[in-house]
Amino acid sequence: MNRAFFKQPTLQLARALLGKRIVHEHANGLLSGRIVEVEAYMGPEDRAAHSYGGRRTTRTEVMYGPPGYAYIYLIYGMYHCFNVVSGPIDKPEAILVRAVEPIEGLDLMIQHRFPQKAVQGLTSRTLPHRLKRQLTNGPGKLCRAFDIDHRYYGHDLSQSPLMLEDDLNLLTRDIACGPRINIQYAEDARDYPWRFWIKDHPFVSK
DNA sequence: AGCCCGATTTGA
DNA sequence: CAAATCGGGCTA
C-alpha cells in the first residue's frame with residue numbers, strides 16, 4: 001500500500017486494513033497473511049491507548065509521526081504487538097493487528113511458533129487445522145509467526161521487507177465491530193466498539 | 001532506585 | 001487459573 005492509503009481517518013483505516021495482506025520478506029523465506037482482526041487506539045482521549053493523556057516517550061514517539069509506520073512494543077515481557085501508526089502528525093493514534101490468516105510461508109511460521117514440533121517433523125503438509133489456526137490468531141502469536149519485533153519499530157510499511165499489500169476486497173456487511181480485548185482498566189473507553197473483524201472468519205482471535 | 005503493571009499466551 | 005518475564009512509567 002502506498003503512503004496515501006494510510007492517511008484516512010483511523011477508524012476508517014482500521015476497517016480498510018481488514019483483508020489487506022501483511023508481507024514479510026524474511027531472510028529465510030517469504031511470509032504473508034491476510035489481516036482479519038484489528039483494534040483502533042484513538043490517542044490522548046482514549047484511556048486504553050498508550051498515548052493516553054498525550055504521553056510522549058521513547059516508546060510512543062513513533063505514534064506522533066506520520067501514519068503508515070510500525071509501532072511495535074513488548075507486552076508481558078515476552079510477546080510483541082504490531083501496530084500501524086495512524087492519524088496525522090501529532091495525533092498519536094494506532095491500529096493493533098490482532099489476527100491474520102496465514103497465506104505464504106507456513107513452514108517458516110511453524111518454525112517460529114512451534115520450534116519443538118518443527119524439529120519433530122511437523123510441516124505445512126501435516127499441519128492439523130487446529131494448529132494452523134493457532135499460528136496467527138492473536139497479536140503476540142502473529143508477531144512470533146512472522147518474526148516481527150523491535151527491529152521493525154518505526155519501519156515504513158510501504159517498503160520492503162515488511163509491508164502491506166492489496167488482497168481481499170471486503171463489503172461493509174462483511175465487517176463486524178465490538179469492544180476491544182483486555183482493556184478492562186480503561187473505564188469509559190472499555191466499551192467503545194473499536195475492534196473490527198471479518199464476520200465469521202475462522203482466524204479471528206479468542 | 002523501587003514498585004507496579006500490562007493492547008498475551010500457555011499449560012497445569 | 002496462575003506463571004512467565006521485562007521495559008515503561010510513575011513516585012520519591
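Atoms considered below: every heavy atom in the structure, side chains included; atoms not considered: hydrogens, waters and symmetry mates. Being a predicted model, the structure only gives us computed values, none of them experimental.
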**OP:** Pick base, sugar-phosphate or nothing for A:R190, based on heavy-atom distances below 4.0 Å to the nucleic acid.
**Re:** nothing

Original post:
Between the side chain of A:R113 and the main-chain N/O of A:L131, is any donor-acceptor distance below 3.5 Å?
Top reply: no

**OP:** Give the rounded distance in Å between these two atoms: CG of A:L142 and P of B:dA7.
**Re:** 17 Å

**OP:** Can you tell me the distance, in whole Å, between the NE2 atom of A:H50 and the C1' atom of B:dC5?
**Re:** 11 Å

Original post:
What does A:R55 touch in the nucleic acid at a heavy-atom separation under 4.0 angstrom: a base, only the sugar-phosphate, or nothing?
Top reply: sugar-phosphate

Which atoms of nucleotides 5-8 of chain C (N or O only) lie under 3.5 Å from a protein N or O atom, and what are those distances?
residue : atom : partner : partner atom : Å
C:dT5   : O2   : A:Y76   : O            : 2.4
C:dG8   : O3'  : A:R59   : NE           : 3.3

Subject >> Rounded interatomic separation in angstrom, taking CZ from A:R195 and P from B:dT8 >> reply: 11 Å

Subject >> Atom pair distance, as rounded to whole Å: CZ in A:R47 and P in B:dC5 >> reply: 16 Å

Subject >> Carboxylate-amine/guanidinium contact A:D156 A:R3, below 4.0 Å >> reply: yes

Original post:
Within the structure, does a side-chain N or O atom of A:N182 lie under 4.0 Å from either OP1 or OP2 of B:dT8?
Top reply: yes

Subject >> Watson-Crick/G-U partner (both atom distances under 3.5 Å) of C:dA3 >> reply: B:dT9

Original post:
For A:R98 and B:dT8, is the shortest distance between a side-chain N/O and OP1 or OP2 below 4.0 Å?
Top reply: yes

**OP:** Send over the distance from A:M63 CE to B:dA7 C1', rounded to a whole Å.
**Re:** 10 Å

Original post:
Mind checking the P distance from B:dG2 to C:dT5? Whole angstroms is fine.
Top reply: 22 Å

Original post:
Rounded to whole angstroms, how far apart are CZ on A:F114 and P on B:dT9?
Top reply: 12 Å

Subject >> Electrostatic pair A:E187-A:R47, nearest N-O below 4.0 angstrom >> reply: yes

**OP:** Mind checking the CG-NE2 spacing from A:L31 to A:H26? Nearest 0.5 Å is all I need.
**Re:** 6.5 Å

Subject >> Value in whole Å for how far the C1' atom of B:dG6 lies from CZ of A:R180 >> reply: 15 Å

Subject >> Pair A:R56 + A:D90, salt bridge at N-O below 4.0 Å >> reply: yes

Subject >> Short side-chain N/O contact from A:K141 to OP1 or OP2 of B:dT10, under 4.0 Å >> reply: yes

Original post:
Rounded to whole angstroms, how far apart are CD1 on A:I183 and P on B:dC5?
Top reply: 18 Å

Original post:
A:A49 or A:Q134: which one's nearest nucleotide on DNA chain B is closer to the 5' end?
Top reply: A:A49

Subject >> Complementary nucleotide for B:dC4 - Watson-Crick or wobble, under 3.5 Å >> reply: C:dG8

Original post:
Has A:K199 got more than 12 heavy atoms of other residues, nucleotides or ligands less than 6.0 Å from its NZ?
Top reply: yes

Original post:
Any ion pair linking A:R21 and A:E165 (charged N to carboxylate O, less than 4.0 Å)?
Top reply: no

